[in-house]
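Reviewing the structure listed below.
Both ligands and their constituent atoms are indexed starting at 1 by order of listing. Quantities reported herein were computed from a predicted structural model and do not represent experimental measurements.
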Amino acid sequence: MLPILMTLATPKPWTLVAGGDIMFYGIGAKTAPLNEIASTFRRADIAYANLEIPITSAQTPTRRKTAEEIKAKHQFILKADPGHIANLKGTFDLLSLANNHAMDYGVKGLNETKALLDKAGIQHSGAGSNVAEAIRPTIKTLPNGIRVGMISYLAFMSTGGLWKCTPATSKTPGLAGLDLGANPKHERVKAIVKAAKKNCDFLIVALHWGIERQNKPTKYQIDLGRNFINSGADVVLGAHPHRLQGREIYKGKPILYSMGNLISPLPAASAIYTLRFDGTKFSSWDIRPMRNAGGKAKWYSTKDEPAIKRQILALDKLIR
Ligand SMILES: [Zn+2]
């Protein structure tokens with residue numbers, strides 16, 4: 001009797017290490033910009049980040065972002081040298097593609113990016129050759145048998161804002177766009193989660209949302225994140241503001257509103273998040289501050305780190 005009970009009670013601990021936006025724009029592929037921090041991701045059972053740039057040699061930018069918008073810096077069109085795949089390979093397991101830059105170099109840019117990731121053995125979700133493919137979860141089975149699925153959505157509030165970023169349709173390629181008619185408590189979220197959980201035991205939902213350069217999540221983000229948890233998601237990983245936003249444990253499940261920039265040419269403070277689970281149950285989390293400087297991701301000195309960490313943890317209090 002006892003050995004069976006012990007088997008059932010044995011926890012299956014695993015870790016998810018998550019980072020923010022990967023923006024290789026203006027950073028040389030051979031500069032190894034992630035080297036200093038990469039081992040933290042490599043040690044994880046699942047290493048996640050948001051790939052906020054197509055890695056492609058495609059030459060024709062999207063026409064949905066107009067010359068006037070680019071000139072006024074209301075929109076940006078980005079791409080990175082395909083050689084950057086070497087900076088991702090072996091470090092990340094899951095990348096989200098549902099963001100406002102994945103389609104900056106059109107279908108060609110998306111397809112080249114996906115082909116490079118596939119060849120490097122990096123799973124991705126949030127973009128595809130049609131909407132069915134874009135919303136399909138990518139599933140990774142851990143050595144302990146737990147099937148971890150991930151779906152990713154660009155969750156901008158406005159239909160026009162989504163359109164600019166080329167959401168996939170039933171017939172055309174693009175990213176997974178979540179148009180809820182500005183209603184974050186929409187019933188549709190339930191159906192999305194139910195469908196995604198059919199083939200996995202644990203579901204990561206990566207959402208691209210919020211307002212740039214804001215440390216406080218919007219009411220829309222908070223209501224939408226909680227809607228996903230209420231609908232059965234196990235963790236929500238947020239991105240887009242290019243700033244850190246707080247975290248909360250909602251009904252026992254973690255929501256991280258924005259994880260800032262993992263790599264960017266702009267100098268800024270950021271963080272890497274470690275989440276621990278026992279089976280499908282969240283157990284604990286921690287953050288380690290990091291920064292971008294000179295186009296590289298770096299740790300803080302042991303002297304500076306505690307004060308920065310306190311500032312980052314204080315952001316949790318802004319969630320309401
Ligand atoms: Zn973004």
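- Residues Ile272 and Phe41 have side chains in contact (heavy-atom distance under 4.5 Å, counting atoms from C-beta outward).
- Atoms of the protein (N, O or S only) found under 2.8 Å from the Zn ion (ligand 1) are Glu52 OE2, Asn100 OD1, His208 NE2, His240 ND1.
- Using a 4.5 Å cut-off on side-chain heavy atoms (C-beta onward), Trp285 and Leu256 make contact.
- In this structure, Glu112 and Pro82 have side chains that are in contact, with non-hydrogen atoms separated by less than 4.5 Å.
- Checked for salt-bridge contact, Lys114 and Asp118 miss the test: no charged N lies under 4.0 Å from a carboxylate O.
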Decide yes or no on side chain to side chain contact (heavy atoms under 4.5 Å, CB included) for His84 and Leu88, but give the supporting numbers first.
CA-CA 7 Å; His84 271 297; Leu88 303 173; 5.7 Å; no

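- Closest approach of Asn292 and Leu266 over heavy atoms only: CB-O, 3.5 Å.
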